[in-house]
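Working notes for the structure below.
None of the values given here were measured: they were computed from a predicted structure.
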Protein chains: 2
Amino acid sequence: MSTSERLIESTRELLWERGYVGTSPKAILERAGAGQGSMYHHFKGKPDLALAAIRRTAEEMRATAEGVLGGPGTPYERIAAYLRRERDVLRGCPVGRLTMDPDVMADAALRAPVDETLDWLRERIAGIVEEGKAQGGFAASLESEEVAAAVVATVQGGYVLARASGSPAAFDAGVRGLLSLLSAHNTRTE
Amino acid sequence: MSTSERLIESTRELLWERGYVGTSPKAILERAGAGQGSMYHHFKGKPDLALAAIRRTAEEMRATAEGVLGGPGTPYERIAAYLRRERDVLRGCPVGRLTMDPDVMADAALRAPVDETLDWLRERIAGIVEEGKAQGGFAASLESEEVAAAVVATVQGGYVLARASGSPAAFDAGVRGLLSLLSAHNTRTE
DNA sequence: GTCTATATAAGGATAGAC
DNA sequence: GTCTATCCTTATATAGAC
């Protein structure tokens with residue numbers, strides 16, 4: 001792996017573990033096994049490197065979500081698969097956590113990938129709910145954008161609960177709770 | 001307000017805005033209008049001051065939640081009132097956001113109030129769901145702990161979505177989505 | 001109790017040698 | 001491209017005067 005690649009990957013890890021504010025160039029360099037010269041040769045500085053890292057992480061999250069949401073099954077099953085997908089729950093969401101980072105939110109460039117990814121996710125799920133309504137699986141009374149927001153919020157909030165309690169159980173409980181409520185609106189149970 | 005009080009209040013504000021890692025003693029002192037001597041006279045250091053601030057914030061959040069959850073109405077109405085309670089959505093949850101702070105999570109003392117508060121909240125709501133089941137308002141098939149986790153997660157995740165999109169609308173959408181799912185399990189609609 | 005030094009380390013970046 | 005040296009600022013804390 002090239003030095004530039006190692007810098008990006010190390011930054012991705014540290015942003016996930018410690019956030020932007022909590023990540024120093026020094027820590028990145030140590031993890032990447034690179035010197036300062038390399039970092040400032042390949043990137044303009046911390047924000048520039050972080051941008052590359054955030055963009056990649058956002059893309060990855062999108063691809064992972066699409067892999068499940070675009071898979072086989074009824075709309076309900078695809079949403080359930082997304083919610084139940086295997087996760088490193090205690091590490092939190094590498095994208096969602098950035099919303100709590102003041103320096104990320106204050107920088108339009110750093111913030112854009114976060115915003116776009118979470119937005120895309122909600123729209124993607126809302127579209128699946130619409131599919132379900134059209135096929136008759138989901139009750140027509142459901143507001144797809146609202147259900148989608150509840151789904152994504154349950155995941156993002158689940159990370160918070162799990163990290164607070166130090167156990168993935170709270171995440172799983174939230175997911176099961178939401179699915180139990182949602183399944184009542186799903187008439188295609190074959 | 002005493003100097004000690006001003007220090008705690010300033011710390012509370014900064015922890016909310018920037019988290020623990022992003023808050024420096026210097027910034028606290030400036031906001032409190034105090035000198036370094038005062039801070040190190042009243043508190044052992046940054047972690048000690050932060051602990052006082054976090055404890056107070058946690059107590060306040062609990063009192064606010066109890067004010068709504070312990071209010072009048074059916075179980076469904078009380079949970080709905082909690083979800084719809086007025087919030088400064090874009091600021092996020094002053095307790096929940098600390099779960100993304102590595103230095104808070106690494107310190108058992110700082111972490112305890114966060115853990116306890118979110119735990120209490122889930123249990124409190126689970127108890128209300130149980131009430132609803134006993135009274136016949138909620139379907140007996142609901143798992144109260146799971147529904148409670150979904151409720152709290154929707155709130156915590158709603159903050160994430162709202163901050164990402166820069167608008168409280170996403171929070172409100174998630175809340176409405178969850179309530180629309182939950183209301184179908186509520187037979188006391190008088 | 002509060003203030004002003006003072007101290008050590010870390011954050012973040014530049015300069016220039018190799 | 002990468003390294004080391006150097007720079008200025010901030011983070012966090014201590015010491016001691018008032």
Asp172(A) and Arg84(A): salt bridge (charged side-chain N to carboxylate O under 4.0 Å, His left out), yes or no, with the steps?
CA-CA 8 Å; Asp172(A) 297 336; Arg84(A) 293 202 268 243; over 6 Å; no

Charged N-O contact under 4.0 Å between [X] and [Y]:
X	Y	result
Arg124(A)	Glu66(A)	yes
Arg18(A)	Asp101(B)	no
Arg122(A)	Glu145(A)	no

Whole-Å gap separating C1' (dA13(C)) and CG (Leu49(A))
14 Å

Leu181(A) CG to Ser180(B) OG distance, which is reported to the nearest 0.5 Å
9.5 Å

Taking ring pair (Phe, Tyr, Trp, His ring centres under 6.0 Å) as the definition, give me every residue that meets it alongside Phe171(B), ordered by chain and number, with sequence neighbours left out.
Tyr159(B)

Results of ring pair (Phe, Tyr, Trp, His ring centres under 6.0 Å) for Tyr20(A) - residues two or more places apart only
none

Tested for side-chain hydrogen bond (donor to acceptor under 3.5 Å, both in side chains) against Ser144(B), the lone hit among Glu131(B), Glu130(B), Lys133(B) is Glu130(B)

At a heavy-atom distance below 4.0 Å, which nucleotide of DNA chain D is the first touched by chain A, and which is the last?
dG1(D) to dA5(D)

What residues from residues 8-22 of chain B pass a heavy-atom cutoff of under 4.0 Å to DNA chain D?
none

Kindly state which residues belonging to residues 24-41 of chain A come within less than 4.0 angstrom of DNA chain C, counting heavy atoms of the residue only, listed by number.
Ser24(A), Pro25(A), Lys26(A), Gln36(A), Tyr40(A)

Please check if Ile28(A) and Leu51(A) belong to a single hydrophobic cluster, counting links between Ile, Leu, Val, Met, Phe, Trp and Tyr side chain heavy atoms closer than 4.5 Å.
no

Heavy atoms under 4.0 Å, any strand shown: does Thr23(A) hit a base, just sugar-phosphate, or nothing?
sugar-phosphate

Keeping to residues at least two apart or across chains, list the side-chain hydrogen bond (donor to acceptor under 3.5 Å, both in side chains) pairs with something in residues 55-65 of chain A.
Glu5(A)-Arg56(A), Glu9(A)-Arg56(A), Arg12(A)-Thr57(A), Arg12(A)-Glu60(A)

